[in-house]
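See structure below.
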Amino acid sequence: MIIGAATTGVLTLAGALIVARTAGIGPLREVLPLTLLLALSWAHPVLVLRTEETEAFQLDEPFFVAMAVLLPAPGTILVFAAATAIGNVVRRRPLTRAAFNIGQTVTAAGLGLAAMHLLATPGAGTSRLATLAAAVLGAAVFMLVNSAAVSVVISFNEAKRAAHVFLDGLDLRVLVWAGGTALGLLAAIGAVANSWALALAALPMAALNLVLREHARARRQTERSHDLLVAANQIHASVAAADVEGAVVAATKSLLHCRAARIDTASPGPAEFAVRLPDPAPDRWLVVSETIGFDRLGPREHELLEVLAGIAAGALRNAWLLEEIRHRAIHDSLTELPNKVLFMDRLQHALDAGPRSGERLAVMFLDLDQFKVINDSLGHDTGDQVLLGVADRLRGALRQGDTAARLGGDEFAVLCEHVGSADDGVVLAERIQAAASGFSVINGVELGVTASVGVVIVEPDAGVSAETLLQAADTAMYRAKDRGRDRIEVFDDQLRNRAYARLETETTLRRAMEEGRLRVFYQPILSGVTGRVVEMEALLRIETPNGTLLGPADFIEVAEQSGLIATIGVQVLEEACRQAAAWRRRYPDRDPIRVAVNMSARQLSRIPIADTVKAALSAAGCSPDMLGLELTETVLMEAGEHVRDELEMLRKVGVTVGLDDFGTGYSSLAYLKRFPVDFLKIDRCFVAGLGHDPEDEAIVDAIISLGRSLGLSTVAEGVETVEQLTKLRGLGCDRMQGYLFARPQRAADLDALIEHPWQVPPELLLAS
Ligand code: C2E
Ligand code: CA
Ligand code: CA
């Protein structure tokens, strides 16, 4: 295109020079001012079309018409060549650009003049009117050639159809052409009479130029505002950060007319323009390169870039916030591992894909061994560090496509897909367990953890739910704990049966709850000195539809695992308080009988214990000293700090708290000191040995002495023989409970024992 324009330009120019030798170029008093004015016009173009480079548009028609009438043809062409050259130098157009401009203008002028001469050759024999008419025709050709050339260039640059570009804004161009041509005609007519007329014509030319420039600027501004609004809308409609960046780049390219733009964290290169994004993305730049039509960032472009950068930053903030929220919802905040939600989702996907892929899965449930001890003795920060270490090691042990998740606390889960055989699954589990177990150096101290792992190998067509699988892995993990921790257990038929039995029990339990068949039985606890009932332990039973009874051994574990214990526990508590109040009313003259209620771990973690107890007491009209709570050491160990605080609050108002099954749990004296308790309940396995096992006797003796020195009273449970009773009395045990005195039974059956102190039955006296 450029070469074509330049070549025709050179040819036209050469022709003009040859002809000029005979025809001349016209009087200098006309040639010089015309050259000057035309050069001025070229130095201050009107910008109308779209891209900055090609929209330079001069009011050339008046000049063309005036010169066509006043000067010989070579003069016109040479003036156009000279003025265009000067204008391009002044505007510092690149050489190729200038060559194209000059070539195009000269060619257009040449063709215009040729058309004019076809109609009428100015000079002798041609009427003034004919000359003027021919000049108008020439001006039309001149304008059409110019427009066509410019349209072709724009269509190349913007990949649009040339005809479309040509027609765009043609109405305005025709109007301007008509005005310009008329002005040229008037100037020419005036100049024939007096050369000064040319100078006068310069004024309306300047005015027209100014008005057109203003019009073009306003039109561009309007277009730009509209484009900016559309762009802002598109940018804000993007949800993902990558889409936001894409929309910003597209908007920048179209608004600044550049071929390349990007959002980059690296600062721009030497030939690029950029503005820094404001908060929250100050590490990013909006970079513009391969610009068309400007070689420095003008104030308008700069402003536009700043606005785009501002919009980009705002939209990025929203996108990042959304990403953050989505990430938080499915990841664990401490370890950044997937959380249970994401894990279950991936597991479900893997299960859905199973029948198609025909591949096995392995689902693992990991629980750290005695993590509670680390947390309690070294603090939560240390505990967190240990968890982070485990998470890191798990990540490192995963194969491509496997998922490790933190389910909560010290529980993790791993999903392995593409597991070849069941044995492969076990090998994977061994690797995972080895990774989870390990040492973390925290504050210079080396801390080791081990993990108990339950594994389920899932056949491709197993057709089980994700929930069931995780539960199965959990069940297997529990067996690993039972069998001594720091080991792997695979979910097998035996566990399957147990799981099935558990499900049956849960159904039984739920039905009993719905049908009101939970019963609270009471077992008396007697004073070791007087033999009078001082306390009653509330023990739960289920009455089956055919009237038989189920003991806690049959259902308490399931109640705890299913979480039902929370509801049941509150019912027992309320019932026990009501019974304590009833005994108080029935026996107003004797010391009040205290009821003792058992509390399990899940119960404590699921209900606000202090408030629940106080509510139960006041609903029944009991004073706090009529209630005792029995907790095992393990329960207290596993209870969080706030549970212990709540228990302490209850003790302050008069509720008694004791350690059940004492001697079978952790039995750490350090813990004992921190537990908020009033009495120790010696486990019945030690009581059972009294009289024939000296070791048990020593333990019971030690526990009673320990209680005495810590200011705690002692209770012996499981007293079945007179011999045991005698020993316990001898050792100074405060209270006793056992089949020797009474089995757990309905409250109504206990009146006799309440009314008369227990005495050794004569037949037992004889026997001993
Ligand atoms: P525990 O707290 O150790 O309760 C004492 C258990 O020992 C009772 O069994 C009682 O029947 C039994 N026992 C009492 N005296 C003797 C005896 O001389 N010889 C023998 N061999 N056993 C005796 P039970 O009622 O089957 O309760 C078992 C466990 O169930 C309780 O152990 C307690 O931990 C739990 N439990 C019972 N009721 C509740 C409840 O309402 N809530 C909670 N969380 N746990 C409960
Ligand atoms: Ca108990
Ligand atoms: Ca017990």
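First listed ligand is number 1; within each ligand, the first listed atom is number 1.
- Under a 4.0 Å criterion applied to the non-hydrogen atoms of Gln523, ligand 1 contributes the atoms 10 (C), 14 (C), 15 (N).
- In this structure, Glu717 counts as a contact residue of ligand 1, since one of its heavy atoms falls inside 4.0 Å of the ligand.
- Ligand-side atoms of ligand 1 in range of Val572: 41 (O), range being under 4.0 angstrom from any heavy atom.
- Under the 3.5 Å distance criterion, the side-chain polar atoms of Asp381 are left unmatched by any main-chain donor or acceptor of Asp384.
- Residue Glu630: an N/O/S atom is found under 3.0 Å from the Ca ion (ligand 2).
- For His380 (side chain) and Asp376 (main-chain N/O), no donor-acceptor pair under 3.5 Å exists by modelled atom type.
- Within Asp660, the N, O or S atom lying nearest to the Ca ion (ligand 2) carries the name OD2.
- A salt bridge links Asp492 and Arg479; the closest N-O separation between the charged side-chain nitrogens and carboxylate oxygens is under 4.0 Å.
- Closest to the Ca ion (ligand 2) among the N, O or S atoms of Glu537 is OE2.
- Across Pro552, Cys685, Gly718, heavy-atom proximity to atom 26 (O) of ligand 1 is greatest for Pro552.
- Using a non-hydrogen distance threshold of 4.0 Å, Glu560 does not register as a contact of ligand 1.
- Using a 4.0 Å cut-off to heavy atoms of Gly738, the atoms of ligand 1 that qualify are 15 (N), 18 (O).
- Against a heavy-atom cut-off of under 4.0 Å, Asp661 is close to the following atoms of ligand 1: 3 (O).
- Every atom of ligand 1 with a heavy atom of Gln603 under 4.0 Å away is listed here by number and element: 44 (N).
- Here's the thing with Gln737: none of its N/O atoms is less than 3.5 angstrom from an N/O atom of ligand 1.
- At a heavy-atom distance under 4.0 Å, only side-chain atoms of Arg541, from C-beta outward, approach ligand 1.
- Residue Glu537 forms a side-chain hydrogen bond (donor to acceptor under 3.5 Å, both in side chains) with just one option from Arg594, Gln523, Gln737, and that option is Gln737.
- Stacking of Arg743 on the aromatic ring of Tyr739 is recorded, both the 6.0 Å distance cut-off and the 45° axial limit being met.
- Within the listing of ligand 1, atoms 2 (O), 4 (O) sit less than 4.0 angstrom from a heavy atom of Glu537.
- A pairwise comparison of heavy atoms in Arg393 and Ser440 identifies NH1-OG, 3.5 Å as the closest pair.
- Glu646 places a side-chain N or O within donor-acceptor distance of the main-chain N or O of Ala610, the cut-off being under 3.5 Å.
- Atoms of ligand 1 lying under 4.0 Å from at least one heavy atom of Glu720, given by number and element, are 17 (C), 18 (O), 19 (N), 20 (C), 21 (N).
- The heavy atom nearest to atom 12 (C) of ligand 1, considering only Met736, Arg684, Gln571, Gln724, is found in Arg684.
- A cation-pi arrangement, defined by a distance under 6.0 Å to the six-membered ring centre and an angle within 45 degrees of its axis, is present between Arg735 and Phe679.
- On a distance-only criterion, Leu540 and ligand 1 share at least one N/O pair closer than 3.5 Å.
- Near Pro744, meaning under 4.0 Å from one of its heavy atoms, ligand 1 places the atoms 11 (O).
- Coordination check, Asp661 versus the Ca ion (ligand 2): failed, since every N/O/S atom of the residue sits at 3.0 Å or beyond.
- In the model, Asn598 has no side-chain atom that pairs as donor or acceptor with a side-chain atom of Gln603 under 3.5 Å.
- Surrounding CD of Glu515 are more than 12 heavy atoms belonging to other residues, nucleotides or ligands, all under 6.0 Å away.
- Ser452 and Asp367 share no side-chain donor-acceptor pair at under 3.5 Å.
- If you look at Leu740 next to ligand 1, there are no close heavy atoms at all, none under 4.0 Å.
- Counting heavy-atom neighbours within 6.0 Å of Lys614 NZ, excluding the residue itself, gives a total above 12.
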